[in-house]
Trainee: 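My questions all concern the structure below.
Computed from a predicted structure; not experimentally measured.
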Amino acid sequence: MVQQHQQALQKQLWNIANTLRGNMSADDFRDYILGLIFYKYLSDKLHRYCDHLLKEDRLSFIDAANNEELLNDLRDECVENLGYFIAPNQLFSDLAARGVKSEFILDELARVLNDIEQSTTAADSADDFNGLFEELDLNSSKLGKNPDQRNKLISQVLVHLNNIDFQIDNTEIDLLGDAYEYLIGQFASGAGKKAGEFYTPQQVSKILAKLVTQAGSVTSVYDPTCGSGSLLLRVARESNNPNLEFFGQEQNPSTYNLARMNMLMHGVRYDKFDLKNDDTLEHPMHKGKRFDAVVANPPFSAKWSANEMLLNDERFADYGKLAPKSKADFAFVLHMTHQLNNTGTLAVVVPHGILFRGAAEGHIRKHLIENKNYLDAVIGLPAGIFFGTGIPTCILVFKKQRPHSENVLFIDASNHFEKGKAQNYLREEDVARIVEAYGQRESVEKFAHVAAMAEIAENDYNLNIPRYVDTFEEEEPVDLDAVASELVALESKMQSVDADIAEFCAQLNIKAPF
């Protein structure tokens, strides 16, 4: 029943988004629809919370609108426990009702969103709400050529959303959170290369999350390129720890806001997550912290400064070389191993080139394996499963204290997927097979190989998966006698057909065509 409701909610939200955006690109409309859904979430949650607080006094939140002393008490209580406050006349339902009457609400909406942010000033939640709605430019020409057109579109969105019963309560809060992630995924599917900036396919997220939680208790998780935060939330689902603490960093301001909204929409308290907005490689914000689980899907082969001064940075100093300017893949890997605690697990998606490229990358790779002995597994994924790119990718798993320090596990899952129209995707059985193979750590013909460290050294620390997992399928030998017999039979049949044609032509008194 819950699943049916969830699917209906997802479909309804996507239909609203598609219908109302008109000629606006889905990528442009994303921030508006998701931002307004988030406003509704905050409004409904606070409304219910205040009604609950006032229940014994036989009052409702709306009743408190003209009682300044009571409102101040409610404000303090909400900021302390929810992290923010919304006045009774600023509730989503109130603005939606005015939209039904075709009133001009854009200025009031902008003021409400600003007041939500301002309500957290000097509170512990300030960092988590500051600038949260800055991407909702209500004066943008993308919404309409003039204020009236823009007001009409935003009013329509509010009215449609107000008619949906999101059923936000303690038991079904993830219904809306999951619907929110569904919308993020739908927008990602139409965003081309931009999608990689904010979304990791769910099945890949599931693999990463299962890998880092397989060893045991996880109390903290970190993603240095957290995008929309979906990967962090997937780890929470797999860890089953209600007190899990989330840490992340995201360079894109719009995506950073999306991640904070996503956290709150999934019921993560403002004091349980610490997300930052900046360049992780150049300005790391959690450098002094260490984490039980580290997960990431960094931008593939991104450019970075590779400034020689970074050789003095504790993240890179021990390796003697920096990742090249045009390929920051190993810069992200070294940053993440630095943030990993001694008993934790790191799982990161990288392009295949990181496995075999030489020069500085070859030097770093060898040092990671031979001297640090951090690499625990290499998992090859199918091509075409990420939005905006068809390049083959893999997952690298690292541990600082490895139970299997004498070998590295190689898994080739590149041929196990379902082919789709726009992109390929991993099925549940494909995910299960990868996770099970990692847990069992045994050689499986044409799928997995446990490589001794000496074998990797013999390959000069080249990690190209075909060197370790042979997936070559030999073709069955051709039976020449059988082929000859088939040819004789075919020739005999053709002669019989020719004879029939010749006889038919003779009856019609015409010349045969051969």
Trainee: Please answer whether the main-chain N or O of G131 pairs with a side-chain N or O of N257 as donor and acceptor at a distance below 3.5 Å.
Mentor: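 Looks like yes, one N/O pair under 3.5 Å.
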Trainee: Verify, without hydrogens or angle tests, whether E250 (side chain) and A259 (backbone) share a donor-acceptor contact under 3.5 angstrom.
Mentor: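 Not a single qualifying donor-acceptor pair exists.
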Trainee: Under a 3.5 Å distance rule, please check whether R269 uses its side chain to pair with a backbone N or O of N81 as donor and acceptor.
Mentor: yes
Trainee: Could you grab the distance from atom CG of D128 to atom CZ of F273, nearest 0.5 Å is fine?
Mentor: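 One gets 4.0 Å once the value is rounded to the nearest 0.5 Å.
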Trainee: Can you measure from CD (Q12) to CG (N163) and round to the nearest 0.5 angstrom?
Mentor: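 Reported to 0.5 Å precision, the distance equals 8.5 Å.
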Trainee: Taking the side chain as everything from C-beta on, heavy atoms only, tell me whether R237 gets closer than 4.5 Å to K206.
Mentor: no
Trainee: Answer yes or no: is there a side-chain heavy-atom contact under 4.5 Å between L211 and Y438?
Mentor: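 Yes. Closest side-chain heavy atoms under 4.5 Å.
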Trainee: Do R111 and N114 meet the criterion of a side-chain donor-acceptor pair at a distance under 3.5 Å?
Mentor: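 No.
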Trainee: May I ask you to decide whether D329 forms a salt bridge with K327, counting only side-chain N to carboxylate O separations under 4.0 Å?
Mentor: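 Judged by the 4.0 Å cut-off on N to carboxylate O distance, D329 and K327 do not form a salt bridge.
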Trainee: Would the distance check show the side chain of Q339 and the main-chain N or O of H286 forming a donor-acceptor pair, the cut-off being under 3.5 Å?
Mentor: yes
Trainee: Do the rings of F291 and F247 sit parallel, tilted or perpendicular, given the 30° and 60° boundaries?
Mentor: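 If you compare the ring of F291 with that of F247, the planes turn out tilted.
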Trainee: Decide yes or no for L233 and V268: does some side-chain heavy atom of the first lie under 4.5 Å from some side-chain heavy atom of the second?
Mentor: yes
Trainee: Grab the two heavy atoms, one from L340 and one from R290, that are nearest each other, plus how far apart they are.
Mentor: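 Smallest heavy-atom distance, with atoms named: O-CD, 3.9 Å.
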Trainee: Can you check whether I354's main-chain N or O pairs, donor with acceptor, with E361's side chain at less than 3.5 Å?
Mentor: no
Trainee: Run V100 and N162 through side chain to side chain contact (heavy atoms under 4.5 Å, CB included) and show every step you take.
Mentor: CA-CA 10 Å; V100 171; N162 197 50; over 6 Å; no
Trainee: Walk me through it: do L59 and L70 pass the test side chain to side chain contact (heavy atoms under 4.5 Å, CB included)?
Mentor: CA-CA 11 Å; L59 294 173; L70 181 56; 4.2 Å; yes
Trainee: Classify the ring geometry of H367 against Y319: parallel below 30°, tilted from 30° to 60°, perpendicular beyond 60°.
Mentor: perpendicular
Trainee: Would you mind checking if K287 and D313 are paired as a salt bridge, meaning a charged N to carboxylate O distance below 4.0 Å?
Mentor: yes
Trainee: Might you confirm whether atom CD of E314 has over 12 heavy atoms from other residues, nucleotides or ligands at distances under 6.0 Å?
Mentor: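 Count over threshold, so yes.
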Trainee: Have a look at L74 and tell me which of L53, V79, N67 forms a side chain to side chain contact (heavy atoms under 4.5 Å, CB included) with it.
Mentor: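 That would be L53; it is the only one of L53, V79, N67 passing the side chain to side chain contact (heavy atoms under 4.5 Å, CB included) with L74.
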Trainee: Would K45 and Y84 count as a cation-pi pair here, with the cationic atom under 6.0 angstrom from the ring centre and within 45° of the axis?
Mentor: no
Trainee: Are I62 and L91 packed together at the side-chain level, in the sense that at least one heavy-atom pair is separated by less than 4.5 angstrom?
Mentor: yes
Trainee: Do R234 and K210 come within less than 4.5 Å of each other through their side chains, counting heavy atoms only?
Mentor: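 No; the side chains remain at least 4.5 Å from each other.
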Trainee: Looking only at heavy atoms, what is the nearest atom pair of I385 and P201, with distance?
Mentor: O-CG, 3.2 Å
Trainee: Starting at CG of L161, measure out to CG of L13 and round the result to the nearest 0.5 Å.
Mentor: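 Reported to 0.5 Å precision, the distance equals 7.0 Å.
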Trainee: Short question: side chain of D51, backbone of F61 - any donor-acceptor pair under 3.5 Å?
Mentor: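 Checking the backbone N and O of F61 against the side chain of D51, a donor-acceptor pair under 3.5 Å is found.
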Trainee: Is it the case that the side chain of Y256 and the backbone of C226 share a donor-acceptor pair, with hydrogens and angles ignored and the cut-off at 3.5 Å?
Mentor: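 Answer holds: no.
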Trainee: Is C50 close to C78 at the side-chain level, that is, under 4.5 Å between some pair of heavy atoms?
Mentor: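 The answer is yes, as the side chains (C-beta and beyond) meet within the 4.5 Å cut-off.
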Trainee: Around D127, counting heavy atoms of other residues, nucleotides and ligands shown, do more than 12 lie under 6.0 Å from its CG?
Mentor: no
Trainee: With the side chain counted from C-beta on, respond yes when L275 and L232 share a heavy-atom pair under 4.5 Å apart, and no when they do not.
Mentor: yes
Trainee: Side chains of E282 and S305: donor-acceptor distance under 3.5 Å anywhere?
Mentor: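 There is such a pair between these side chains.
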Trainee: Check whether H160 reaches the backbone of Q156 with its side chain - one donor and one acceptor, N or O, closer than 3.5 Å.
Mentor: yes
Trainee: Would you check if Y270 and T120 make a side-chain contact, meaning some heavy-atom pair closer than 4.5 Å?
Mentor: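 Heavy-atom side-chain distance check fails, nothing below 4.5 Å.
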Trainee: Check whether more than 12 heavy atoms from other residues, nucleotides or ligands sit under 6.0 Å from atom CG of N371, and answer yes or no.
Mentor: yes
Trainee: Looking at D292, is its backbone amide N or carbonyl O close enough to the side chain of S220 to form a donor-acceptor pair, meaning the two atoms are under 3.5 Å apart?
Mentor: yes
Trainee: Closest heavy-atom contact between L143 and L153?
Mentor: O-CD2, 3.6 Å
Trainee: To the nearest 0.5 Å, what is the distance between NZ on K372 and CD1 on I364?
Mentor: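 The distance works out to 12.5 Å.
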Trainee: Could you walk me through whether T345 and V397 pass the side chain to side chain contact (heavy atoms under 4.5 Å, CB included) test, one step at a time?
Mentor: CA-CA 7 Å; T345 304; V397 183; 3.8 Å; yes
Trainee: For D376, is there an ion pair with K399 - N to carboxylate O distance below 4.0 angstrom?
Mentor: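 Salt bridge absent between K399 and D376.
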Trainee: Under a 3.5 Å cutoff, is there a donor and acceptor pairing between the side chains of R30 and S254?
Mentor: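 Checked: R30/S254 side chains pair up, N/O donor to acceptor below 3.5 Å.
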Trainee: If you draw a 6.0 Å radius around CG in N146, do more than 12 non-hydrogen atoms from other residues or ligands fall strictly inside?
Mentor: yes
Trainee: Classify the ring geometry between F38 and F133 as parallel (under 30°), tilted (30 to 60°) or perpendicular (over 60°).
Mentor: tilted
Trainee: Using every non-hydrogen atom in the two residues, find where L71 and P88 come nearest and quote the distance to one decimal.
Mentor: CD2-CD, 3.7 Å
Trainee: Mind checking the NZ-CD spacing from K152 to Q149? Nearest 0.5 Å is all I need.
Mentor: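 So the NZ of K152 and the CD of Q149 are separated by 8.5 Å.
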Trainee: Check step by step if side chain to side chain contact (heavy atoms under 4.5 Å, CB included) holds for T393 and V350.
Mentor: CA-CA 6 Å; T393 55; V350 292; over 6 Å; no
Trainee: Looking at K289 and D274, is any side-chain nitrogen of the basic one under 4.0 Å from a carboxylate oxygen of the acidic one?
Mentor: no
Trainee: Compare every heavy atom of N342 with every heavy atom of K400, then report the nearest pair and how far apart it is.
Mentor: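 The pair with the smallest heavy-atom distance is CD-OD1, 3.8 Å.
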Trainee: How many angstroms lie between atom CG of N151 and atom CD1 of I105, to the nearest 0.5 angstrom?
Mentor: 5.5 Å
Trainee: Does the plane of the ring in Y222 sit parallel, tilted or perpendicular to the ring in H335? Use 30° and 60° as the thresholds.
Mentor: tilted
Trainee: Taking Y39 for the side chain and L158 for the main chain, is one N or O donor matched with an acceptor at less than 3.5 Å?
Mentor: no
Trainee: Which heavy atom of A17 sits nearest to which heavy atom of I33, and what is that distance?
Mentor: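 Looks like CB-CG1, 4.4 Å.
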Trainee: Decide if atom CG of D124 counts as having more than 12 heavy atoms of other residues, nucleotides or ligands within a radius under 6.0 Å.
Mentor: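 No, CG of D124 has 12 or fewer neighbouring heavy atoms, counting only those of other groups under 6.0 Å.
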